[in-house]
Number of protein chains: 2
Amino acid sequence: MSGGHVIALSGGIGGAKLALGLDRVLAPGQLTVIANTGDDFRHLGLHISPDIDTLLYTLAGLDDPAKGWGRRDESWTFMRALAELGGETWFQLGDGDLATHVERTRRLGEGESLSQVTDALRRRLGIGSAIVPMSDDPVATRVNTDEGWLDFQHYFVRRRCEPRVSGLDFVGAGEARLAPEAAAAFRAPGLRAVVLCPSNPYLSVDPILAVPGLRAALERCAAPVIAVSPIIAGQAVKGPTAKMMTELGLEPGAATVARHYGGLIDAFVIDAADAGLAIAGLTVAATPTLMRSLDDRMRLARFVLALADRLAGARA
Amino acid sequence: MSGGHVIALSGGIGGAKLALGLDRVLAPGQLTVIANTGDDFRHLGLHISPDIDTLLYTLAGLDDPAKGWGRRDESWTFMRALAELGGETWFQLGDGDLATHVERTRRLGEGESLSQVTDALRRRLGIGSAIVPMSDDPVATRVNTDEGWLDFQHYFVRRRCEPRVSGLDFVGAGEARLAPEAAAAFRAPGLRAVVLCPSNPYLSVDPILAVPGLRAALERCAAPVIAVSPIIAGQAVKGPTAKMMTELGLEPGAATVARHYGGLIDAFVIDAADAGLAIAGLTVAATPTLMRSLDDRMRLARFVLALADRLAGARA
């Protein structure tokens, strides 16, 4: 069992569950979570980074397990007062959550990079793992639908993923530089594994992979690269992954996700419900992947790390 | 009894009490409150206008009567979360109050003037009287103290008015243009009265008077100009007025306030406790001025308006 560094690529809710598992089974400082920032947007003058925030709240134990997003013990006085003033209320901002956006926006306005702000916040919240945006440059996910091109939050929150999706674009990704700490994590000696968390491949992982420096680092990477399927028996645990796959003309299933990641990954972890799936040129391993409890998260993290160590051992 | 328009110059808490009285005894649309904006500042990236907000909350019935500032039924989740993140917490921002600052900052960022934003907010809150900043241009009150020059909020909130005051400056006031709606109110036919509310003369009314266009409008004004003393029997009802007067080498008393307003006012309303005070060249009228209830506020408003009508009748 290696003690090396682990990199996880993650979007929001689903990815953050495995990121938490990895955070708990690894020693502080051994994990770098690279977060999707394609969902970032400016709203009410505030810089909002939904996936970074989900990772911050989840790894700090501040997430709301009942609602599945946002902070626990949240209050909603701001939204009520904003509605009275005729402000825009389609994006729900809890009073505590707002502190993150206000503090981030203030720090960015003073010239800090998104990486610096995120690192300051995660340290302040007592998180031992590094949380790093994929890039400090702006990348904006846009969704092509039967209602035309929509900004991500417009599609995801305002239109509740209802429009039919025909394509995606990650505006700015081609010019975006990999965030310095993300690049450093790939260069760290003794890199143990890179884990593609069970996030939506199209909306959450693809924007990360669209940053040229990240894709190059992944291709150069000597450590095992392992993806965990967000699809169990043809269904998404949460969110529009399966619906989007159908709309994109793809078979909603774990095999489609594996093919999507193509030559980038060495192994693919699927749910026990999909056991038996074989994909040419890829190590496929089955285990229960539904993460209801913290134990589930830690167990899946250990499974992925053990698989990485086996793959590395076989190469050596 | 005239039905004409009334202008009130007001700072925060004390002034807003009489502004509310005037709002309630006048017909909707008959009152324009010109607010001090020398206390305005940018904090956490938000444009905060404390005196405008106090007027908005007071005239909308949203003010917290127990605390004496801010909104009623307020929650404080944002401040707790901000403290966790290591943000600046010396200026208390309630969750509901925050909606005002966020919405104002957003609208200013989109190119609206402070006048336009304030008018939109007061209409949205169902306030019939106009609330107008003294100027759409930035004016910043600074306080010279034994700790050096301090920004207003630094002196007032962070240092709780503890430093000894030796002087004041209203940075930008000399170049500030009177807000268009304030100028229009002075030009309105049949102006009935101009009321200097019982706010701190040095911190709250002087910044308004420092805007050249406003002073000129006041000097040209044919309607009676009446000030209400914020000092009762040598004491301020609230805040540092009496303390500041002593530090500035002035006798803390109603007579000092009357002399401070000098040739600008026609009449001066003092508390019944100060009855008997006479000031050369000035009509002085005594009445209970301590405003505990809404009835007190409306009674004082009626007293001031009746005095204005008597003065106007005597001139005619």
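In this text, all values refer to a predicted model and were calculated from it rather than measured experimentally. In what follows, chains are A, B, ... by sequence order, proteins preceding strands, each numbered from 1.
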(message) Counting only non-hydrogen atoms closer than 4.5 Å, can you tell me which residues of residues 124-143 of chain B sit against chain A?
(response) B:Arg124, B:Leu125
(message) Given heavy-atom pairs under 4.5 angstrom as the criterion, report whether the side chain, backbone, both or neither of A:Arg71 touches chain B.
(response) side chain
(message) When you measure from the side chain of A:Asp64 to the backbone of A:Trp69, do you find a donor-acceptor pair of N or O atoms at a distance under 3.5 Å?
(response) no
(message) Once rounded to the nearest 0.5 Å, what's the spacing between atom CD1 of B:Ile13 and atom SG of B:Cys197?
(response) 13.0 Å
(request) Tell me, for A:Ala120 versus chain B, whether the close heavy atoms (under 4.5 Å) come from the side chain, the backbone, both or neither. (result) neither
(request) Could you check which of B:Leu121, B:Asp95, B:Val102, B:Leu98 has the highest count of heavy-atom pairs closer than 4.5 Å to chain A? (result) B:Asp95
(message) What part of A:Leu93 gets within 4.5 angstrom of chain B, counting heavy atoms only: side chain, backbone, both, or neither?
(response) neither
(request) Say whether, by atom type as modelled, one donor and one acceptor occur between the side chain of A:Arg297 and the main chain of A:Arg292 under 3.5 angstrom. (result) yes
(message) Counting heavy-atom pairs under 4.5 Å with chain A, which one of B:Leu62, B:Leu85, B:Leu82 comes out on top?
(response) B:Leu85
(message) Tell me if a side-chain donor or acceptor on A:Thr54 pairs with a main-chain N or O of A:Gly12 at a distance below 3.5 Å.
(response) no
(request) Under 4.5 Å, heavy atom to heavy atom: which of residues 103-116 of chain B reach chain A? Give them by number, or say none. (result) B:Glu103, B:Arg106
(request) May I ask you to test the B:Leu214-B:Ile34 pair for a side-chain heavy-atom distance under 4.5 Å? (result) yes
(message) Donor-acceptor check, side chain of A:Arg160 to backbone of A:Phe156, threshold 3.5 angstrom: yes or no?
(response) no
(request) Kindly say whether A:Ala19 contributes a backbone atom to a donor-acceptor pair with the side chain of A:Asp23 at under 3.5 angstrom? (result) no
(request) Report yes or no: does B:Asp151 contribute a side-chain atom to a donor-acceptor pair with the main-chain N or O of B:Gln153 at less than 3.5 Å? (result) no
(message) With a 3.5 Å distance limit and no angle check, can you tell me whether B:Asp296 reaches the backbone of B:Ser293 through a side-chain donor-acceptor pair?
(response) yes
(message) Is any side-chain heavy atom of B:Asp40 closer than 4.5 Å to one of B:His47?
(response) yes
(message) With rounding to the nearest 0.5 angstrom, report the CD1 to OG distance, B:Ile208 to B:Ser204.
(response) 7.5 Å
(request) Taking atom types as modelled, find out whether B:Trp90 and B:Glu88 have a side-chain donor-acceptor pair closer than 3.5 angstrom. (result) yes
(request) Look at B:Gly87, B:Ser75, B:Gly45 and state which one has the largest set of heavy-atom pairs under 4.5 Å with chain A. (result) B:Ser75
